[in-house]
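Contents: one structure, followed by commentary.
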Amino acid sequence: MRASRLLSALLLLQTRGRMTARQLAEELEVSVRTVYRDMESLAAAGIPLYGDPGHEGGYRLVDGYRTRLTGLTVEEAEALSLAGLPGPAADLGLGTVLATAQLKLRAALPDELRDRTGEVRQRFHLDTSGWYAEADPAPHLAAVADAVWRQRRVRVRYRRWKAPQEVTRTLEPYGLVLKSGRWYLVAGRPDDGRTCRTYRVSQILRIQVREDRFERPQDFDLAAHWRSYLAGFDARRHQGEAVVRLSPRILERLPDLMEPAVVRAAQASAGPPGPDGRVQVVIPVESVDHAVGMLLRLGAEAEVVAPTALRTRMAQTVAALADVYRHPPTAASHP
C-alpha cells in the first residue's frame with residue numbers, strides 16, 4: 001500500500017510539477033504528516049526532489065528528471081482498456097489515434113495482461129448515448145476541439161432558444177463536456193467580462209477559429225464547473241412545485257418515467273399511503289405547460305392536488321382528449 005502511494009506521489013510530481021504538501025495529501029487522501037514522511041523516503045531512495053519553504057513553496061523534482069517506471073498491475077491494465085471510448089474519440093477526430101494508442105498499449109504489455117485486456121473489451125462496452133434520442137449531430141465539433149486544445153478564440157453563429165434565436169459570439173473555449181450523447185462547450189465571453197457560459201455544440205451553425213490565442217484561467221476546473229452548472233441548471237428551471245397523489249405502482253416505476261431531480265424529490269417527500277393506497281408527494285416543475293405534458297404520461301394513476309392552476313389545466317386537457325376519442329374516427333382519418 002505504501003509502495004503504491006510513493007509511486008503515485010512520484011508520478012504526481014512528474015506530471016504536475018511543483019505541489020505543496022497539502023495538495024499531495026488531498027490527491028493521495030492521506031495526512032500532511034504522512035506526505036512529509038513519504039517525501040523523506042523518496043529522497044532517501046535517491047529520487048532527486050527538493051522542497052521550497054514558504055507560502056509559494058512546495059515539493060518538485062529536479063528539472064529533466066523522468067522516471068522510467070512502466071509496470072502495470074492487472075487492475076490498471078483492465079482500467080486502461082476501458083478508458084478509451086471509440087464513439088466520442090471519433091467525434092473529436094481522434095478515432096484513428098485512439099485505435100493506434102490501444103494497439104501500442106497491447107503490444108507493450110506482457111502476454112498475461114494483453115490477454116486480460118482483450119477479455120475486458122469482449123465483456124464490457126461503454127455507450128455514452130442517451131435512450132430514446134437520436135444522435136446529436138455536431139458537424140463543428142472537431143473545429144471546436146481544436147480551438148480548445150490550442151487555446152484559440154472562435155467566432156460562432158449560434159442558435160439559441162430565446163429571441164433573437166441566431167446570435168454571433170466571440171468565445172474563449174475552455175473545455176468540452178460529453179453529457180448523455182451530447183457535446184457541450186464551456187467558454188468565456190471576452191466581450192462580457194469573460195463570463196463563463198455553456199453552449200450546445202450541435203447548435204453552432206458556423207465557426208471561425210481565429211489565430212489570436214487567449215490565456216485560460218489557471219484556477220478553472222472543468223469538472224467542478226460542470227457540477228456547479230448542473231446544480232444551478234436544475235435550480236433555475238424548477239421555478240415551482242406541484243403536489244401530486246401517486247398510486248403505489250406508478251411510484252415504483254417513477255425512475256423509468258421521470259428525470260432524476262423529480263424522482264429524488266418524490267421519494268424524499270412521499271408521505272404515508274392514504275385509504276386508497278396512494279402516496280402524496282411534492283415534485284419540482286418548470287411551468288404549468290411543462291408539468292401538464294410531464295404528468296400526462298402517468299395517466300390516471302397520478303392526481304394533481306395543487307396548485308389549482310395546474311389541476312385546472314390537467315382537467316381541461318383530459319376533457320379535450322376525452323372529447324376527441326368519444327366519437328369514432330372519421331373516414332378521412334383512415335389510411
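Small disclaimer: the values here were computed from a predicted structure and weren't measured. These numbers come from the heavy atoms of this one structure, side chains and all, not from hydrogens, waters or symmetry mates.
- Here the side chains of R169 and R160 are in contact, with some heavy-atom distance below 4.5 Å.
- The two atoms that bring L185 and G175 nearest to each other are CD1-O, 3.5 Å, heavy atoms only.
- Side-chain contact of Y59 with R18: a donor-acceptor pair under 3.5 Å is absent, judged by distance alone.
- Connection of L298 to L321 is not established within any shared hydrophobic cluster, with ILVMFWY side chains joined at heavy-atom distances below 4.5 Å, either directly or through further cluster members.
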Step-by-step side chain to side chain contact (heavy atoms under 4.5 Å, CB included) determination, T195 to R197: CA-CA 6 Å; T195 302; R197 297 187 182 175; 3.6 Å; yes
Before giving the answer on side chain to side chain contact (heavy atoms under 4.5 Å, CB included), spell out for V305 and R245 the whole-Å C-alpha distance, their side-chain angles and the decisive distance to 0.1 Å. CA-CA 7 Å; V305 177; R245 298 179 71 245; 3.5 Å; yes
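- In summary, the side chains of R249 and S247 do not present any donor paired with an acceptor at a separation below 3.5 Å, with no hydrogens or angles considered.
- Under the 4.5 Å side-chain heavy-atom criterion for Ile, Leu, Val, Met, Phe, Trp and Tyr, V154 and L205 are members of distinct hydrophobic clusters.
- Closest approach of V285 and E241 over heavy atoms only: CG2-N, 3.9 Å.
- Counting only heavy atoms from C-beta outward, the side chains of Y50 and V62 approach each other to under 4.5 Å.
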Salt bridge (charged side-chain N to carboxylate O under 4.0 Å, His left out) evaluation trace for R16 with E27: CA-CA 12 Å; R16 299 192 186 181; E27 288 288 342; 2.8 Å; yes
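- Taking both residues in full, the closest heavy atoms of R206 and I204 are given as O-CG2, 3.4 Å, listed atom of the first, atom of the second, then distance.
- The shortest side-chain heavy-atom distance between L6 and I47 does not fall under the 4.5 Å cut-off.
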Side chain to side chain contact (heavy atoms under 4.5 Å, CB included) between E303 and V244, intermediate numbers included: CA-CA 6 Å; E303 177 192 1; V244 185; 5.8 Å; no
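- For R155 and T170, the side-chain atoms include at least one donor-acceptor pair closer than 3.5 Å.
- The heavy-atom pair separating F220 from C196 by the smallest distance is CE1-SG, 3.9 Å.
- Rounding to the nearest 0.5 Å gives a distance of 8.5 Å between CG of L61 and CG of L42.
- Considering all non-hydrogen atoms of both residues, Y158 and R200 come closest at OH-N, 3.0 Å.
- Note that CG of L251 and CZ of R253 are 12.0 Å apart. Values are rounded to the nearest 0.5 Å.
- Under the salt bridge (Lys or Arg N to Asp or Glu O under 4.0 Å) criterion, the residue pairs touching residues 287-297 are D289-R313, with sequence neighbours excluded.
- Counting heavy atoms from C-beta on, the side chains of L257 and I250 come closer than 4.5 Å.
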Criterion side chain to side chain contact (heavy atoms under 4.5 Å, CB included) on L24 and L12, from CA distance to verdict: CA-CA 8 Å; L24 284 166; L12 280 170; 4.1 Å; yes
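- Contact of the L49 side chain with the R60 side chain is not registered, since no non-hydrogen atoms from C-beta on lie closer than 4.5 Å.
- To the nearest 0.5 angstrom, R311 atom CZ is 12.5 Å from Q316 atom CD.
- Considering only heavy atoms from C-beta on, M39 comes within 4.5 Å of L13 through its side chain.
- The minimum heavy-atom distance between V156 and L171, with the atom names listed, is CG2-CD1, 3.8 Å.
- Following chains of ILVMFWY side-chain contacts shorter than 4.5 Å, one can reach I207 starting from L176, so the two form part of one hydrophobic cluster.
- Here the side chains of L254 and L246 are in contact, with some heavy-atom distance below 4.5 Å.
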Donor-acceptor pairs are to be reported for all side-chain atoms of residues 261-274 against protein atoms at under 3.5 Å, with residues two or more places apart or in another chain.
| residue | atom | partner | partner atom | Å |
| --- | --- | --- | --- | --- |
| S269 | OG | A265 | O | 2.8 |
| S269 | OG | V282 | N | 2.8 |
| S269 | OG | V282 | O | 3.2 |

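- D212 and R152 are not joined by a salt bridge, as no carboxylate oxygen comes within less than 4.0 angstrom of a charged side-chain nitrogen.
- Atom CZ of R22 has 12 or fewer neighbouring heavy atoms from other residues, nucleotides or ligands inside a 6.0 Å radius.
- Both Y36 and L28 belong to a single network of hydrophobic side chains, linked directly or stepwise wherever heavy atoms of I, L, V, M, F, W or Y lie under 4.5 Å apart.
- Taking CD of E26 as the start and CE of M19 as the end, the distance is 8.5 Å to the nearest 0.5 Å.
- Using a 4.0 Å cut-off between a side-chain N of Lys or Arg and a carboxylate O of Asp or Glu, E211 and R153 do not qualify as a salt bridge.
- Residues Y184 and W149 are members of separate hydrophobic clusters, defined by side-chain heavy-atom contacts under 4.5 angstrom among Ile, Leu, Val, Met, Phe, Trp and Tyr.
- For residues 215-228, every residue pair satisfying the side-chain hydrogen bond (donor to acceptor under 3.5 Å, both in side chains) rule, not counting sequence neighbours, is listed here: R213-E215.
- For the atom pair Q203 CD and E166 CD, the distance stands at 10.0 Å (nearest 0.5 Å).
- The closest side-chain donor-acceptor pair between R159 and Q165, if any, does not fall under 3.5 angstrom.
- Contact of the W183 side chain with the Y199 side chain is not registered, since no non-hydrogen atoms from C-beta on lie closer than 4.5 Å.
- Looking at T34, its side chain never comes within 3.5 Å of a backbone N or O of V30 through a donor-acceptor pair.
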